[in-house]
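Note that this is a predicted model, so its numbers are computed, not measured.
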Amino acid sequence: MASLSIPGVEDPDETGLSAPVCRTVTPDGDVLLLVPGDSAAARAAAHAQDDELTAVMEITDVAPVSVPHRIRGRAWVAGWLTPVRTGQRGEAAMLLAERHPVGELLGIGEALRPDPAPGPAGRTAWMMLRLEVGEGAVDDLWGAESFEPDDFAAAAPDPLVAHEAELLQHLHAAHSTQVRGLCALLGDREQLCGLRDRAVPVGLDRFGLRVRFTDAEQRSFDARFDFPEPVRDVAELRRAMHQLFEAAGD
């Protein structure tokens, strides 16, 4: 879930249309955004033309399973916002469509049209914007830390990111007993497991699984279960999960 704010620019209709409907990162580390053409962000970017327009995108990461305190983290990316120009739109649209296959439904095709004439009559339904990253920060379950544009550009998506929601929901629905059994791996904290009523997987990446244990009084704690080695795909994940469950059952 992402929202875009521009210092000094307000959405007079308070419609929330400055939230991009899809986004992705270019190989150079810029953030491409597809926004409604009548949003505050689109209007401000079109009006600014080549002037630097500072903007901040906030991304909220929500656990895809139902648990208390579902927000797993927030990230902020600040930089300079400009419309994607006509000559760059084809490449930008292909990148968005590749990572968001429903691109046509989201208006990527319409956003490829040449620059409209200024004013409401020439306003397009959708606009592609580019956020050149100047700085950023992350505050999540692992801690808080800032990052530089070069680090952001060099970062690679986790290989499980596209499947995480489905995998966590499957673990919760079909393997809840085995997930709860991971308590046996907690060492000194294992004694708490007998008092716990619920064990919900709340995070999954190539390095391991995070489980939230919650009792009837809604008191909870998170435990991290690392894989023997980072996994590269879903097939390796299955083997790693079997190893975890087997270790807990010994």
Side-chain angles (χ1 to χ4, degrees), residues 1-9 18-37 39-42 44-62 71-103 106-108 111-112 115 126-165 203-207 230-233:
M1 184 168 58
S3 62
L4 190 65
S5 61
I6 302 171
V9 175
S18 289
V21 292
C22 67
R23 64 187 187 277
T24 194
V25 179
T26 71
D28 295 330
D30 294 339
V31 182
L32 295 177
L33 308 165
L34 184 69
V35 301
S39 65
H47 179 73
Q49 297 298 322
D50 294 327
D51 294 337
E52 289 188 347
L53 183 67
T54 58
V56 179
M57 181 173 64
E58 179 178 347
I59 302 170
T60 303
D61 179 28
V62 180
I71 294 179
R72 300 186 297 188
R74 287 187 171 88
W76 296 266
V77 180
W80 302 274
L81 195 67
T82 57
V84 177
R85 303 304 178 188
T86 300
Q88 303 170 328
R89 286 183 186 162
E91 181 179 357
M94 287 181 63
L95 192 58
L96 279 168
E98 176 186 340
R99 298 174 184 177
H100 299 273
V102 293
L106 295 177
I108 290 179
L112 278 170
D115 290 323
W126 301 94
M127 180 181 288
M128 282 187 289
L129 303 177
R130 183 186 302 274
L131 180 65
E132 180 186 348
V133 177
E135 60 181 347
V138 174
D139 185 355
D140 59 19
L141 297 172
W142 292 265
E145 188 173 353
S146 60
F147 56 82
E148 297 296 325
D150 289 345
D151 298 326
F152 184 76
D158 189 276
L160 301 180
V161 66
H163 311 286
E164 186 200 19
L204 180 66
D205 56 47
R206 65 184 181 274
F207 298 110
V231 301
R232 293 171 294 182
D233 52 36

If we check side chain to side chain contact (heavy atoms under 4.5 Å, CB included) with T24, which of these qualifies: D30, L34, L95, V31? L95

Quick one: closest heavy-atom pair of P7 and A55, and the distance? CD-CA, 4.3 Å

Supply the atom-to-atom distance M1 CE to T60 OG1, rounded to the nearest 0.5 angstrom. 4.5 Å

State, with a plain yes or no, whether a side-chain heavy atom of L53 is found less than 4.5 Å away from one of W80. no

Nearest 0.5 Å please: distance from the CG atom of L131 over to the CZ atom of R23. 11.5 Å

Once you round to the nearest 0.5 Å, how far does CG of D61 lie from CD1 of I71? 9.5 Å

Looking only at heavy atoms, which two atoms of A75 and V138 are closest? And how far apart? CB-CG2, 4.1 Å

Listed by chain and number, what are the side-chain contact (heavy atoms from CB on, under 4.5 Å) partners of A92, not counting sequence neighbours? L32, V84, M128

For residues 146-161, tabulate all N or O donor-acceptor pairs below 3.5 Å that involve a side-chain atom, not counting sequence neighbours.
{"from": "D158", "atom 1": "OD1", "to": "L160", "atom 2": "N", "distance (Å)": "2.9"}
{"from": "D158", "atom 1": "OD1", "to": "R206", "atom 2": "N", "distance (Å)": "3.4"}
{"from": "D158", "atom 1": "OD2", "to": "R206", "atom 2": "N", "distance (Å)": "3.0"}
{"from": "D158", "atom 1": "OD2", "to": "R206", "atom 2": "NH1", "distance (Å)": "3.0"}

Could you check whether atom CD of E145 has more than 12 heavy atoms from other residues, nucleotides or ligands sitting under 6.0 Å from it? no

Considering all heavy atoms of both residues, which atom of L129 and which atom of A42 are nearest to each other, and what is their separation? CD1-N, 4.5 Å

How far apart are the closest heavy atoms of M127 and P83, and which atoms are they? SD-CB, 4.4 Å

Rounded to the nearest 0.5 Å, how far apart are CH2 of W126 and SG of C22? 8.5 Å

Got a second to check how far H163's NE2 is from D233's CG, nearest 0.5 Å? 8.5 Å

Backbone of G79 reached by a side-chain donor or acceptor of E132 within 3.5 Å: no

So do L33 and L81 actually touch side chain to side chain, heavy atoms under 4.5 Å? yes

Within this structure, what is the CG-CD1 distance for the pair L4 and I59, rounded to the nearest 0.5 Å? 10.5 Å

